[in-house]
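Inspection log for the structure reproduced underneath, given as structure tokens.
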Amino acid sequence: MRTDNSHPVSGLTLGYARVSTIKQSLERQLDALEAAGIPDDRIHVDKKSGTSVDRPGLTALLAYARPGDTIVVHTLDRLGRNLREVLNLVHDLNEKQIGVRSLADPLPINTADEGMARIAFLLLALFAEMERTFTAERAAHARAVAEAAGRRIGRPVAHPAEKIEYAKLLKQQGGSLGEIAEKTGIPKTSLHRYLATPSADDASNGTR
């Protein structure tokens, strides 16, 4: 693997491999990169979770790459935590005139190719946009179904102050928790919290 920062010539082909846990093996990715003609000293690796921002191998690779170089990966998902991050990174690299090529995607990508591979990359960008739309629509549909069934999505709404005061009055009159819940419509789980909190009148009278 790469251990120095020297960059003797331009137009190098560089490799990157990542696995998401230390128990997984890099062997398949490394074999593919080496079969593509990339020497071991030009391959950067990470054994970090895709959710972690600490990826020293990728950081070192991006610092080392120069205009005219091409970064090669087994599949594009090795470059980021999600498709949007991958697309952003590939776009940034393209702005720096650094190419990206994948070896084993269903539609292998090569951003230096002006033909079908470039079209495939644009399709990936479209799919990412569609997935964000579908995710938002699914969330909106789930909220609508839940609200139609009388449920709420998200944090519960606080009960009206007058109901809480009525519950405290019923407690002072000796009402049981079940009776108070039935008369006020406040669940027992919430009543435990409300009735354990001194009212403003109690506090002003010195009651604790």
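Atom OH in Tyr194 sits 5.0 Å away from atom NE2 in His159 (nearest 0.5 Å). With rounding to the nearest 0.5 Å, the separation of CZ in Arg78 from CD1 in Ile71 is 15.0 Å. One finds the CG atom of Leu12 at 5.5 Å from the CG atom of Leu14 (value rounded to the nearest 0.5 Å).
Looking at residues two or more places apart in sequence or on another chain, you find a side-chain contact (heavy atoms from CB on, under 4.5 Å) between Thr70 and Val72, Arg101. In terms of the side-chain contact (heavy atoms from CB on, under 4.5 Å) criterion, residue partners of Lys96 (sequence neighbours excluded) are, by chain and number, Ile98. Applying the side-chain contact (heavy atoms from CB on, under 4.5 Å) test to Glu162 and every residue at least two apart in sequence or in another chain returns Pro160.
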> Does the side-chain hydrogen bond (donor to acceptor under 3.5 Å, both in side chains) test come out yes or no for Asp69 and Tyr64, once each step is laid out?
Replying inline: CA-CA 10 Å; Asp69 291 349; Tyr64 178 77; over 6 Å; no
>> If you apply the rule salt bridge (charged side-chain N to carboxylate O under 4.0 Å, His left out), what do you find for Arg55 with Glu85, and how did you get there?
In response: CA-CA 14 Å; Arg55 284 175 282 171; Glu85 184 173 284; 2.9 Å; yes
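One N or O on the side chain of Thr111 and one on the backbone of Val100 form a donor-acceptor pair closer than 3.5 Å.
In this structure, Leu58 and Arg18 have side chains that are not in contact, with every pair of non-hydrogen atoms separated by 4.5 Å or more. Residues Tyr16 and Asp46 have side chains in contact (heavy-atom distance under 4.5 Å, counting atoms from C-beta outward). Contact annotation: the side chain of Ile43 approaches that of Val45 to within less than 4.5 Å [non-hydrogen atoms, C-beta and beyond].
Tyr166 and Leu177 fall within a single hydrophobic cluster, where Ile, Leu, Val, Met, Phe, Trp and Tyr are joined by side-chain heavy atoms under 4.5 Å apart, directly or via other members.
Pairing each heavy atom of Arg42 with each of Thr13, the nearest pair is CD-O, 3.4 Å.
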